[in-house]
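Quick notes on the structure that follows.
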Number of protein chains: 2
Amino acid sequence: MDNMALAIADKCRNCALRTDDALICAQLSTGELIELSSHSTPTNVDRKQPVNARLVDRNPIIAIVEGVIGLQHVLKDGRRSIAALFWRGDIVDLRRDGERAPGNLVALTPARICSLSVESYDKLVRDNPDARAVAISNMREQIHFAADHSVDLGKKSAPERLAAFIFECRRRQLGGDDCQIVDLALRRSDIADYMGLQPETVSRGLKELERRELIALKGRSKVRILDAAALRQLANGTPGKPATPA
Amino acid sequence: MDNMALAIADKCRNCALRTDDALICAQLSTGELIELSSHSTPTNVDRKQPVNARLVDRNPIIAIVEGVIGLQHVLKDGRRSIAALFWRGDIVDLRRDGERAPGNLVALTPARICSLSVESYDKLVRDNPDARAVAISNMREQIHFAADHSVDLGKKSAPERLAAFIFECRRRQLGGDDCQIVDLALRRSDIADYMGLQPETVSRGLKELERRELIALKGRSKVRILDAAALRQLANGTPGKPATPA
DNA sequence: AGTCTGCATTGATCAAAATCAATTTGCGGC
DNA sequence: GCCGCAAATTGATTTTGATCAATGCAGACT
């Protein structure tokens, strides 16, 4: 029992995946947690650093504990795009077959992740219905989110995309959906790569939202939402008046 | 036993979901199939028709039997975008919460779908490990595919997107990955809405691929791949020489 | 305090794709 | 085989955002 307590203390005590009731490790019995923890590797990743390839290769299930991780694809001529963002609680399953390159995970903020072995993860999903429910529901959210993101990239203007991005940040940040102040979390160039824009366009776009009095920029990475309803409208693709005419 | 045989005969006999070993209903015992079939509604949908909203509302799990279904979002000023494509064997789980509009399913070719009740679908995923494996692996593919699609939309040129689209069609069509002739399946304007382009640009882009001798257009909807390697390169984002210079 | 260094912003061009407006082309029905 | 029509193509023009090139700024380090 001391061993068990110690085993948990070692890695998992205080880990958000365990302490937040909605997340995967909170669904586990003590025994399951100990078992899982012996096949998991928690790691800190500095901003801009890729997640260790060897680690991913051995344990291709990555749970995000803290920070933001991007799934990055680099085209052969250097164009970079970030196909998806993963936030606290998300589970990234990197197993894949097929002809297209899988892309690689990079930290877009200082981050903490925990990589799990496929065997223990699959076992959990098989045997623990609560863990399974969390895992499946996270997958479903990822699918729905990806669809929304495709709509953003497919047909929206730069300001619309940025409005959508601000809401994504708000939804995923600790305070949740009712904060007035939103932390953009990523650098301009990462926002650009994620939203299919150039950094300059991100900059101008945020300025434009400010000019329309939908937001106020507070320093480099914080935004105060001034008119949440109008910003939401814009994010959802309502054309949006070209600002208050004189 | 006659009843059982009849019950299967009624709806599920000859259904691809049952006859194709890789698909969900092929994983079920006779009893499970009968049970599921009593909570499922197979439907044909004509091209351009939305999937009946009431049907989706009652049974929000949609399995694609045949044809192509698109998840369509229409912005308030009429811009249309198709966030995802679903092909034979795909399972669409439309349950979702959250602020963004869910989008609606429309048939992009004449299609056949089967809508399942959440209860019986969840029961299946809970109790039948093989069915669960099929369902989860389909979700994982959808996630990976969506990521690839985001890369296409985020940073690729029109010809690159079209090359990627041709490969998507090839991968999902019955013949599979080694066909020379690919059926584009969708109309130009649907391709446009899916790939984040305008129909005119799709037309010009396909012409461009033909000019570069990567493909040959065979009628309106069929394409012969002339140089699969180079086309793949282009799809993957290698700049691509501006055609054979004189 | 002073410099260094990465980011962010700004401004001036440029190019790709969108838009607008006709035609043209196939294809299903007679 | 010939209509009729939706879909596809073509061409001219405009727009948006990318690109290129500085400049500005704030925090880290000495």
Side-chain angles (χ1 to χ4, degrees), chain A residues 46-49 75 77-81 108-110 152-163 165 183-211 215-223 234 237 239-240 242, chain B residues 46-49 75 77-81 108-110 152-163 165 183-212 215-223 234 237 239-240 242-243:
Chain A
D46 290 338
R47 193 176 86 79
K48 296 180 83 158
Q49 290 311 301
L75 306 190
D77 64 341
R79 279 171 291 173
R80 189 177 83 121
S81 91
L108 303 177
T109 67
D152 293 343
L153 296 184
K155 284 282 164 65
K156 290 191 184 162
S157 70
E160 286 166 344
R161 293 182 203 198
L162 292 168
F165 178 71
D183 182 349
L184 260 21
L186 317 192
R187 296 286 187 268
R188 297 289 185 271
S189 102
D190 294 325
I191 298 174
D193 290 338
Y194 179 54
M195 298 308 299
L197 300 167
Q198 291 297 313
E200 297 94 328
T201 307
V202 172
S203 182
R204 291 186 245 262
L206 290 172
K207 267 274 155 58
E208 171 68 13
L209 297 185
E210 192 167 43
R211 198 185 57 75
I215 64 170
L217 296 165
K218 317 283 283 183
R220 293 198 163 187
S221 82
K222 291 215 165 44
V223 148
L234 185 65
Chain B
D46 290 338
R47 194 177 84 80
K48 295 181 83 153
Q49 290 310 302
L75 307 189
D77 64 341
R79 278 171 292 173
R80 189 177 83 119
S81 90
L108 303 177
T109 67
D152 293 343
L153 296 183
K155 284 280 163 68
K156 290 191 186 165
S157 69
E160 286 167 343
R161 293 183 203 198
L162 292 168
F165 178 72
D183 183 348
L184 260 22
L186 315 194
R187 295 287 189 265
R188 297 289 185 270
S189 103
D190 294 324
I191 298 174
D193 290 339
Y194 178 54
M195 298 308 299
L197 301 168
Q198 291 298 313
E200 296 93 328
T201 308
V202 172
S203 183
R204 291 187 246 260
L206 290 173
K207 266 275 155 60
E208 171 69 13
L209 297 184
E210 192 168 43
R211 198 185 56 74
R212 296 193 203 173
I215 63 169
L217 297 165
K218 316 285 282 183
R220 287 196 167 188
S221 82
K222 290 215 165 46
V223 146
L234 185 65

In terms of the nearest nucleotide of DNA chain C, which residue is placed more toward the 5' end: A:Arg187 or B:Thr201? A:Arg187

Closest heavy-atom pair, B:Val202 versus B:Arg188, reported as atoms and distance to 0.1 Å, is CG1-CD, 3.7 Å

Which residues pass the salt bridge (charged side-chain N to carboxylate O under 4.0 Å, His left out) test with [X], not counting sequence neighbours?
X        : answer
A:Arg187 : none
B:Lys218 : none
B:Lys207 : none
B:Arg80  : B:Asp190, B:Asp193

Residue whose closest nucleotide on DNA chain D lies nearer the 5' end, A:Gly196 versus B:Lys48: B:Lys48

Between the protein and nucleotides 9-12 of chain D, list the N/O to N/O atom pairs that are separated by less than 3.5 angstrom.
{"unit_1": "D:dT9", "atom_1": "OP1", "unit_2": "B:Arg188", "atom_2": "NH2", "d": "3.4"}
{"unit_1": "D:dT9", "atom_1": "OP2", "unit_2": "B:Arg188", "atom_2": "NE", "d": "2.8"}
{"unit_1": "D:dT9", "atom_1": "OP2", "unit_2": "B:Ser203", "atom_2": "OG", "d": "2.8"}
{"unit_1": "D:dT9", "atom_1": "O5'", "unit_2": "B:Ser203", "atom_2": "OG", "d": "2.9"}
{"unit_1": "D:dT10", "atom_1": "OP1", "unit_2": "B:Lys207", "atom_2": "NZ", "d": "3.0"}
{"unit_1": "D:dT10", "atom_1": "OP2", "unit_2": "B:Lys207", "atom_2": "NZ", "d": "2.7"}
{"unit_1": "D:dG11", "atom_1": "N7", "unit_2": "B:Arg204", "atom_2": "NH1", "d": "3.0"}
{"unit_1": "D:dG11", "atom_1": "O6", "unit_2": "B:Arg204", "atom_2": "NH2", "d": "3.3"}

Would you say B:Leu75 and A:Lys156 make side-chain contact, with heavy atoms under 4.5 Å? yes

Side chain to side chain contact (heavy atoms under 4.5 Å, CB included) involving B:Ser157 - partner list, sequence neighbours excluded: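 If we apply the side chain to side chain contact (heavy atoms under 4.5 Å, CB included) test to B:Ser157, skipping adjacent residues, the hits are B:Pro159, B:Glu160.
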
Test side chain to side chain contact (heavy atoms under 4.5 Å, CB included) applied to B:Ser203 - qualifying residues, sequence neighbours left out: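 Residues passing side chain to side chain contact (heavy atoms under 4.5 Å, CB included) with B:Ser203: none at all.
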
Atom-pair distance (CE on A:Met195; P on D:dG17), nearest Å: 12 Å

Using whole Å, report how far CZ of A:Arg161 lies from C1' of D:dT16.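 Atom CZ in A:Arg161 sits about 11 Å away from atom C1' in D:dT16.
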
Give a yes/no answer on whether the side chain of B:Arg47 brings an N or O atom under 4.0 Å of OP1 or OP2 in D:dA7. yes

Looking at A:Glu208 and A:Arg204, does any basic side-chain N land under 4.0 Å from a carboxylate oxygen? no

Charged N to carboxylate O under 4.0 angstrom, A:Asp77 versus A:Arg79? yes

Give me the bend of the helix from C:dA1-D:dT30 to C:dC30-D:dG1, using the axes of the five pairs at each end, rounded to 10°.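 For the helix from C:dA1-D:dT30 to C:dC30-D:dG1, the axes at opposite ends meet at about 50°.
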
Please identify each residue that fulfils ring pair (Phe, Tyr, Trp, His ring centres under 6.0 Å) with A:Phe165, with sequence neighbours left out.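 None.
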
Segment of DNA chain C, first to last nucleotide, that comes within the 4.0 Å heavy-atom reach of chain B: C:dA17 to C:dG26

